[in-house]
Every structure is written in structure tokens, then in C-alpha cells.
Participant: 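If you scroll down you'll find the structure; I have some questions about it.
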Amino acid sequence: MSTHGRWTLTRYLIEERRRFPQSSGELNALILDVSLACKAIARIVAYGKLDDAVGLPQPPQSAGAINVQGEEQKPLDVLSNELFMRMNEWNGHLAGMASEEMEAPFQIPESYPRGKYLLVFDPLDGSSNIDVNVSVGSIFSILRAPDDVIASGRDVTEADFLQPGREQVAAGYAIYGPSTQLVLTVGNGVAVFTLHPTLGEFILVADKVRVPEDTKEFAINTSNSRFWEAPIKRYVDECLAGKTGPRGKDFNMRWIASMVAEAHRILMRGGVFMYPRDTKDPSKPGRLRLLYEANPVGMIMEQAGGRASTGRQPILGVMPTSLHQRIGLVFGSKNEVERIERYHAEPAPSVAPAPLFSERSLFRA
Ligand code: AHG
Ligand code: MN
Ligand code: MN
């Protein structure tokens, strides 16, 4: 690909900042440091098991531990988390960080200045796919720290991070697939950048991306179907019924088990993703985490004209109650997400068949 005349991520950020002559450039600097962490993770993911041969940092041997989610940490989960922290702790733009891989908020060390933003991230999403060479990614959300944190420079607490997704200043993800891409919103639409492998720069390849409003593609882990609530069962049944069902068209299904990869497919060509609240484990109202999975993807979707919801309310309106809170998540093509919300709001349709055609009907043997 020729880069002649194309914008780098740096140029995109500078052009965006020109819309706000008052701004200091701190947000831009922070995003560039986040993007550097993503480049470093992209390298490590790409080298796979060759990491020892090329002098890249070794994944800590202690991995295999269980994180705060009760999930096994892969060595690359731990290493990616390290990279996010080391690339961002020093720059003076952050008041604190929080991550899927750390139970408590991370305090900016005393040797560095503290700033006005909070960075929240899932350093490696879909990490169960690492060993089988399927796309994975990193997800991040940038919030403004509460005023008293900025004024005092005090340590951050969990409560400082509990802000609804609407408050996000910027959000994005990196996807480590056949090419590495960075998808970003600073509140003015969604831009997609591809990492130029030899320049080492993220190059703008699409701006003001729009999620198609309609789709024939849905994504859900159907092995959980017996735990789904009625509105989700109804929606999926109607998709499966295809042309001859109430939807009058055939649907396709996808499930990668890397939310970043599903979000990216949906951003580029439409679709609907569901990891809804279910009854599988009453202690977990959903699988995905609100602050560093649902909210950033929710902001990307809304900024691209799509929609993100719990099924009952917009994701970005949910007031978080804890750092690692899980939530039911539905996102993607606007008309499909709205339909799913409607199914949640409507009383369940009666499924009892008309008496004439029931088992003991006159017309049955
Ligand atoms: P993580 O690797 O950060 O724990 O997230 C994995 C998530 C998400 O990416 C994916 O959509 C989902 O888990 C897959 O869940 P199932 O294993 O239930 O399919
Ligand atoms: Mn994840
Ligand atoms: Mn993760």
C-alpha cells in the first residue's frame, strides 16, 4: 500500500485537535502511548512461540495464575498488561489505570507526574484464541478523572472509575489479525488505521465508518441457548427460521470468541453480536465486562451509527457499580439491536399452538 498522501495516526490526532484550539494535546499524547503499547503487543502476538529467538521480552513464567475474573491468565495476558502499564505510567497524562488483569486500580508511581485522565483496558481480548492463531485484540477506554483527583493528585479508588460509558472521552481497540489495525473514536466518528509493518506507523485507511443499519448476520455462542432469556431465544429462533420464518430472509451465523474480532467484522460490514444476560451462573449477569469491553465497543458502535445495549437500555447509559462488573451485551446494526430491545420490552408472545392444530387435533392421526 502506498502511504503517499495518507495520514498517520499522529496527523489524524493533530487535525482533530485543531477543532479545539484550547486543548492541551495531552489526550493526543496519551492515545499515541496507548497505540505504542498496541504495536508492542502486535509484535509479540505475531512472533508467537518464536519469541525466545528474536530477543523480545519473555512472557512471565508466573502466568497460569487465576485473575480477578476467576479466569486463567495466559502468559500473553500478563505481558500485554505489563506493556500497557509501562508505556503509560510515565507520561504525566494519567491519574490512574484499571485493567481486566488487575483486581484494584493501578496507582501512578510517585516518581512520575499525575494527569487528568483514567485509562481502562482489556490488554488482550480473546486470549483463548492465542494458541490457535486466531485474531485477538486490545480494548481501551479513556475517562476524565474526577475533579478532586486532578486537583489533589491523590491515589485513585475504584469509585473514580465508576462512570457511565457516555462519559468516555475516547475509546478504541487494536485487532491483531492478518494485519494489525487500530480503531479509534475521539467523539467525532470512527477512524480505522492499519499498522504499516515497515514504517511502524498506524496509517488512516477509513474515516467516519458507518455500520450498515440492516444485516443478515448474527453472532452468539449457541452452546448457551438453554440459559438464554425468552427475548434472545425468540430473536435467534426467528433468524434460524430464515426465509420461511417471520423475518422472511436467511441469516448467516459467526462466532470467533474474540469480541474484538466480532466487533471489527460488524463495524466493517454489519451484523449483530450478542452475549446476553443469561441464567448460566447467577453470580455473573453476563459474560463481558462493562468498563473495558462493553463501554469502549459501545462508544465505537454509536459513533459509527450502530447501537449497543443490554437489551433493556443503552450500554452507555449504565451506571457502573464495580470495576469488573459483567453485563449482558448486544451491539451492531441499529435496526437489529432495536428489534432485540423491542423483544425485551414486549410481553412474550404466546407460544401455544392454535387448538385445531395441536397434538390431539382432529386433523392428526
Ligand atoms: P478475554 O479473553 O478478555 O477474557 O475475553 C474473551 C471474551 C470475548 O472476547 C469473547 O466474545 C468471549 O469471551 C467468548 O466467550 P465464550 O468462550 O463463551 O465463547
Ligand atoms: Mn476480553
Ligand atoms: Mn482479556
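One-based numbering, in listed order, for ligands and for the atoms of each. Numbers for residues simply follow the sequence, beginning at 1.
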Participant: Is the closest heavy-atom distance from L288 to ligand 1 below 4.0 Å?
Facilitator: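 The answer is yes: ligand 1 sits under 4.0 Å from a heavy atom of L288.
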Participant: Any donor and acceptor pair, going by atom type alone, linking the side chain of E238 with main-chain N or O of Y235 inside 3.5 Å?
Facilitator: no
Participant: So, is F273 polar-close to ligand 1, with some N/O to N/O distance under 3.5 Å?
Facilitator: no
Participant: Give a yes or no on whether a salt bridge exists between D160 and R154, defined as a side-chain N under 4.0 angstrom from a carboxylate O.
Facilitator: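 The answer is yes: the pair qualifies as a salt bridge.
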Participant: Counting each atom of ligand 1 from 1 as listed, which ones have a heavy atom of S127 under 4.0 Å away?
Facilitator: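 Listed by number with element, the hits are 2 (O).
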Participant: Is D125 touching ligand 1 with its side chain, its backbone, both, or neither, if touching means heavy atoms under 4.0 Å apart?
Facilitator: both
Participant: Can E262 and R269 be said to form a salt bridge (Lys or Arg N to Asp or Glu O under 4.0 Å), step by step?
Facilitator: CA-CA 11 Å; E262 322 262 12; R269 72 171 188 211; over 6 Å; no
Participant: Identify, by atom number and element, the atoms of ligand 1 in contact range of E71, meaning under 4.0 Å from any of its heavy atoms.
Facilitator: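 Those of ligand 1 that fall under 4.0 Å from E71 are 4 (O).
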Participant: As an exercise, state the distance from CG of D33 to CH2 of W90, rounded to the nearest 0.5 Å.
Facilitator: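 The distance works out to 4.5 Å.
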Participant: For the pair N335 (side chain) and D214 (backbone), establish whether a donor and an acceptor sit closer than 3.5 Å, ignoring hydrogens and angles.
Facilitator: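 No: the side chain of N335 does not pair with the backbone of D214.
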Participant: So that I can tick it off, tell me whether K116 and E26 are bridged by a salt bridge, with the cut-off set at under 4.0 angstrom between side-chain N and carboxylate O.
Facilitator: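 Answer for the salt bridge query: yes.
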Participant: Name the closest protein heavy atom to atom 18 (O) of ligand 1, giving the residue it belongs to and the distance to 0.1 Å.
Facilitator: Y275 OH, 2.5 Å
Participant: Less than 4.0 Å between a side-chain N and a carboxylate O, is that true for R326 and D281?
Facilitator: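 No, this pair does not count.
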Participant: Counting from 1, what ligand 1 atoms have a heavy atom of N221 closer than 4.0 Å?
Facilitator: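 Those qualifying, in numeric order: 16 (P), 18 (O), 19 (O).
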Participant: Could you identify the single nearest non-hydrogen protein atom to atom 2 (O) of ligand 1 and state the distance to 0.1 Å?
Facilitator: G126 N, 2.8 Å
Participant: Is the shortest distance from a heavy atom of D77 to ligand 1 less than 4.0 Å?
Facilitator: no
Participant: Using a 4.0 Å cutoff against the non-hydrogen atoms of D122, which atoms of ligand 1 qualify?
Facilitator: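 With D122 as reference, the close atoms of ligand 1 come out as 3 (O).
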Participant: Answer with yes or no whether the hydrophobic clustering places M87 together with I142; edges join I, L, V, M, F, W, Y residues whose side-chain heavy atoms lie under 4.5 Å apart.
Facilitator: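 Yes, because M87 and I142 connect within a single hydrophobic cluster, where side-chain heavy atoms sit under 4.5 Å apart.
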Participant: Give the residue, atom name and distance (to 0.1 Å) of the protein heavy atom nearest atom 11 (O) of ligand 1.
Facilitator: M259 N, 3.5 Å
Participant: I'd like to know if E262 contacts ligand 1, where contact means a heavy-atom distance under 4.0 Å to any ligand atom.
Facilitator: no
Participant: Set out, in order, the CA-CA distance, both residues' side-chain angles and the distance that settles side chain to side chain donor-acceptor pair (under 3.5 Å) for Y292 and D125, then state yes or no.
Facilitator: CA-CA 10 Å; Y292 41 82; D125 176 64; over 6 Å; no
Participant: When you compare ligand 1 with R287, is there at least one nitrogen or oxygen pair between them that comes in under 3.5 angstrom?
Facilitator: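 N/O-N/O distance under 3.5 Å: yes.
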Participant: Does atom CD of E103 have more than 12 heavy-atom neighbours from other groups under 6.0 Å away?
Facilitator: no
Participant: When you measure from the Mn ion (ligand 2) to each N, O or S atom of D122, which atom gives the shortest distance?
Facilitator: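 Atom name returned: OD2.
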Participant: Taking the Mn ion (ligand 3) as the vertex, measure the angle between atom OE2 in E100 and atom O in L124; round to 10°.
Facilitator: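 OE2 of E100, the Mn ion (ligand 3) and O of L124 span an angle of about 160°.
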Participant: May I ask you to list the atoms of ligand 1 that are less than 4.0 angstrom from any heavy atom of L124?
Facilitator: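 Per the distance check, 2 (O), 3 (O).
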Participant: Numbering the atoms of ligand 1 from 1, which are under 4.0 Å from a heavy atom of E293?
Facilitator: 3 (O), 5 (O)
Participant: Just wondering, is there an N, O or S atom on G126 that's nearer than 2.8 Å to the Mn ion (ligand 3)?
Facilitator: no
Participant: Please find the N/O/S atom of E293 nearest to the Mn ion (ligand 2) and write down its name.
Facilitator: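 Closest N, O or S atom of E293 to the Mn ion (ligand 2): OE2.
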Participant: Salt bridge or not between E302 and R166? Use side-chain N to carboxylate O under 4.0 Å.
Facilitator: yes
Participant: Please assess F84 against F121 for the test ring-ring contact (aromatic ring centres under 6.0 Å, His included), listing each intermediate value before the final yes or no.
Facilitator: CA-CA 8 Å; F84 256 85; F121 51 90; 4.4 Å; yes
Participant: Against heavy atoms of W255, which atoms of ligand 1 measure under 4.0 Å?
Facilitator: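 Within the 4.0 Å cut-off of W255, ligand 1 contributes 19 (O).
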Participant: Taking only heavy atoms of S258, which atoms of ligand 1 are found under 4.0 Å from at least one of them?
Facilitator: 9 (O)
Participant: Checking contacts here: is it the side chain or the backbone of R289 that comes within 4.0 Å of ligand 1, counting heavy atoms only? Could be both or neither.
Facilitator: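 The answer is the side chain.
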Participant: Taking the N/O/S atoms of D125 one by one, which is nearest to the Mn ion (ligand 2)?
Facilitator: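 Distance check against the Mn ion (ligand 2) picks out OD1 in D125.
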Participant: Given the rule in the ring-ring contact (aromatic ring centres under 6.0 Å, His included) test, do Y275 and W255 qualify, once you have shown the distances and angles that lead to the verdict?
Facilitator: CA-CA 11 Å; Y275 216 124; W255 189 252; 5.7 Å; yes
Participant: Do you know which of H344, E229, E346 makes side chain to side chain donor-acceptor pair (under 3.5 Å) with R234?
Facilitator: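 Answer to the side chain to side chain donor-acceptor pair (under 3.5 Å) test with R234 among H344, E229, E346: E346.
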